[in-house]
Amino acid sequence: MENKYTFFENVFDVVRQIPYGKVTSYGAIAKYLGSAKSSRTVGYAMNASHQLIPKIAAHRVVNRNGMLTGKHHFGGNEMQQSLEAEGHIIIDDKIQNFSTHYWDPTIELAI
DNA sequence: GAGGTGACGACCC
DNA sequence: TGGGTCGCCACCT
């Protein structure tokens, strides 16, 4: 039986499970899906996530440094405001205490 | 059908 | 330490 779920679908599924107030990285999701080097595709999936209904918490996904590299794709500082609303502190487009709020799917979802 | 691109990350000088 | 390169997967032209 063919697995209809693409890498894309799996990415969305993981992002939907990110708890409120938590964040993760593109690479962590890619790694969880078994393709640690596919982080670029995860980023592309986030780009496509804007047309999903309902929208997924793409703002909770940042790069491995905790930097909001994708905020321009949200339009303005919407991404930053969303994160701040969840209790995060953003300075210079970077999440402070990133490791404290880090949510690792490879651990939390434990394949 | 083929080549270029991208919200990344890891490796190699 | 830091700049350059490759890999991966899906989309666009």
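Note on naming: letters A, B, ... go to the chains in the order of the sequence lines (proteins, then strands), and numbering restarts at 1 for each one. Scope of the values below: all heavy atoms of this structure, side chains included, with no hydrogens, waters or symmetry mates. In this text, all values refer to a predicted model and were calculated from it rather than measured experimentally.
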Quiz item: Is the shortest side-chain N/O distance from A/T6 to OP1 or OP2 of C/dC9 below 4.0 Å?
Solution: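 Checking C/dC9 against A/T6, no side-chain N or O comes under 4.0 Å of OP1 or OP2.
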
What's the gap between C/dT5 and B/dG4 when it is taken at their P atoms, as a whole Å value?
16 Å

In B/S/- notation (B base, S sugar-phosphate only, - none; protein heavy atoms under 4.0 Å), nucleotides 2-7 of chain C written 5' to 3' is -----B

Review item, nucleotides 11-13 of chain C N/O atoms under 3.5 Å of protein N/O:
| residue | atom | partner | partner atom | Å |
| --- | --- | --- | --- | --- |
| C/dC11 | O4' | A/Y44 | OH | 3.4 |

Quick note, A/A58 side chain, CB onward, closest among B/dG9, C/dC9, B/dA7 is B/dA7

For the side chain of A/S25, starting at C-beta, report the closest nucleotide among B/dG9, C/dC8, B/dC8.
->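 The answer is B/dG9, which lies nearest to the side chain.
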
Nearest heavy atoms of [X] and [Y], plus distance in Å:
X	Y	value
A/V62	A/H59	CG1-O, 4.4 Å
A/K22	A/H88	N-NE2, 4.1 Å
A/W103	A/I18	CZ3-CG1, 3.7 Å

- Item | Whole angstrom value for the distance that separates P of B/dA7 from CG of A/N77 |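 Interatomic distance, CG of A/N77 to P of B/dA7: 19 Å.
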
Open item on the list: Given the structure, check if the side chain of A/H50 and the base of B/dA7 hold any donor-acceptor pair shorter than 3.5 Å.
Closed with: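 Yes, a donor-acceptor pair under 3.5 Å.
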
Between A/T41 and A/N63, who's closer to the 5' end of DNA chain B by nearest nucleotide?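 The residue mapped nearer the 5' terminus is A/T41.
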
